[in-house]
Amino acid sequence: MAISLSVVLLLAIVLVVLIRGGSLKGGPAVVAILFGFFLASTDMAPSVNNFMNSLAEMINDINF
């Protein structure tokens, strides 16, 4: 849950920065948000969630 919330917050910040910076217009941003919303209600959602959790664990395991 904590990872999901932080990823959502990070992506929201990136989205706001892209829109304010002019790299992303409002229309495509709305399409991207709707795509994510509807993707979350498909059968692919658990696969995407597992991939993101694996990616977060892999990054967490990196030692410097």
Side-chain angles (χ1 to χ4, degrees):
M1 179 65 182
I3 291 175
S4 298
L5 185 59
S6 62
V7 170
V8 169
L9 183 61
L10 175 66
L11 291 174
I13 291 170
V14 169
L15 185 62
V16 168
V17 168
L18 287 173
I19 290 172
R20 291 187 55 92
S23 298
L24 185 64
K25 301 296 181 199
V30 170
V31 170
I33 292 169
L34 290 175
F35 173 73
F37 178 76
F38 287 113
L39 180 64
S41 64
T42 66
D43 292 336
M44 226 173 118
S47 299
V48 173
N49 193 19
N50 289 338
F51 171 74
M52 293 304 293
N53 284 334
S54 298
L55 187 64
E57 288 176 12
M58 183 179 68
I59 291 171
N60 191 31
D61 289 339
I62 295 175
N63 294 323
F64 292 103

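Reckoned from all heavy atoms, side chains included, excluding hydrogens, waters and symmetry mates.
Listed here is the closest heavy atom pair of Ala40 and Ala45: O-CB, 3.3 Å.
Here the CZ-CE distance, from Phe38 to Met44, works out to 16.0 Å after rounding to the nearest 0.5 Å. A distance of 4.5 Å separates CG in Leu39 from OG1 in Thr42, rounded to the nearest 0.5 Å.
Hydrophobic clustering (side-chain heavy atoms under 4.5 Å, transitive across Ile, Leu, Val, Met, Phe, Trp, Tyr) keeps Leu15 apart from Phe37. Residue Ile33 is not grouped with residue Val16 when hydrophobic side chains (ILVMFWY) are merged at heavy-atom distances under 4.5 angstrom, including chains of intermediate members. A chain of hydrophobic side-chain contacts below 4.5 Å, direct or via other Ile, Leu, Val, Met, Phe, Trp or Tyr residues, connects Phe35 to Val48.
No donor-acceptor pair closer than 3.5 Å links the side chain of Asn60 to the backbone N or O of Ala56.
Side-chain atoms of Val31 and Leu34, non-hydrogen and from C-beta on, never get closer than 4.5 Å to each other.
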